[in-house]
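Input: a single structure, listed below in structure tokens.
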Amino acid sequence: QVQLVESGGGSVQAGGSLRLSCAASGYTSSSICMGWFRQAPGQEREAVATTHTGTSATYYADSVNDRFTISTDNAKSTVYLQMNSLKPEDTAMYYCGAIELSPYNLCYPGQFSSADWGQGTEVTVSS
């Protein structure tokens with residue numbers, strides 16, 4: 001059974017940093033498109049960053065580019081999101097998503113319509 005478990009959320013002041021982790025288990029393939037999405041109260045879920053375990057190709061939303069870094073530790077089946085220079089507008093519930101995907105296909109937010117999801121971890125940035 002597929003399971004995604006996020007951790008690392010919390011409260012931080014603007015300008016601070018947090019690192020989110022998402023441990024994946026139950027996948028039969030090592031070729032996985034993984035990503036972080038977020039949803040603020042009253043808003044729709046939006047993509048933050050994606051990466052592929054086989055290619056390390058990445059996507060970043062414009063709003064987080066140059067501040068956030070997504071990475072994977074394939075040996076641990078874990079994806080990370082390093083968040084620096086946090087802003088109050090980064091406040092949201094952050095969700096990890098994953099879907100098995102051939103490395104010949106592009107890993108980007110549009111691939112996540114049938115993805116598996118974690119339970120979310122909350123990030124609060126105060127001004």
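Computed from a predicted structure; not experimentally measured. All heavy atoms count here, side chains included; hydrogens, waters and symmetry mates do not.
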Heavy-atom donor-acceptor pair, [X] side chain to [Y] backbone, under 3.5 Å:
X: Ser31; Y: Leu101; answer: yes
X: Glu6; Y: Thr121; answer: no
X: Asn65; Y: Tyr60; answer: no
X: Thr53; Y: Ser30; answer: yes
X: Thr124; Y: Thr91; answer: no
X: Glu122; Y: Gly9; answer: no

query: Are Ser71 and Gln82 close enough that a side-chain donor and a side-chain acceptor fall under 3.5 Å?
result: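 Short answer, no.
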Locate the shortest heavy-atom distance separating [X] from [Y]; write the atom from each residue and the value.
X: Ser127; Y: Pro88; value: CB-CG, 3.9 Å
X: Leu4; Y: Ala24; value: CD2-CB, 3.4 Å
X: Met34; Y: Cys96; value: CE-SG, 4.4 Å
X: Arg38; Y: Ala92; value: CB-CB, 3.8 Å
X: Ile99; Y: Tyr27; value: N-OH, 4.4 Å
X: Gly10; Y: Leu18; value: O-CD1, 3.9 Å

Do the side chains of [X] and [Y] join up, straight or via other hydrophobic residues, at under 4.5 Å, putting them in one cluster?
X: Tyr80; Y: Leu86; value: no
X: Val79; Y: Tyr95; value: no
X: Phe68; Y: Tyr59; value: no
X: Val123; Y: Ile70; value: yes
X: Phe37; Y: Val64; value: no

- request: Report the C-alpha separation of Thr72 and Ile32 in whole Å, then their side-chain angles, then the decisive distance to 0.1 Å, and conclude whether the side-chain contact (heavy atoms from CB on, under 4.5 Å) test is met.
  value: CA-CA 11 Å; Thr72 60; Ile32 304 171; over 6 Å; no
- prompt: Which value, rounded to the nearest 0.5 Å, describes the distance between Leu20 atom CG and Trp36 atom CH2?
  reply: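 That separation rounds to 4.5 Å.
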field: Spacing of Lys87 atom NZ and Ser126 atom OG [to the nearest 0.5 Å]
entry: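 Here the interatomic distance stands at 15.5 Å.
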Taking the side chain as C-beta and beyond, is there a heavy-atom pair between [X] and [Y] under 4.5 Å?
X: Ser21; Y: Lys76; result: no
X: Thr50; Y: Gln111; result: no
X: Trp117; Y: Arg45; result: yes

field: Atom CD of Glu46: over 12 foreign heavy atoms under 6.0 Å
entry: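 Count over threshold, so yes.
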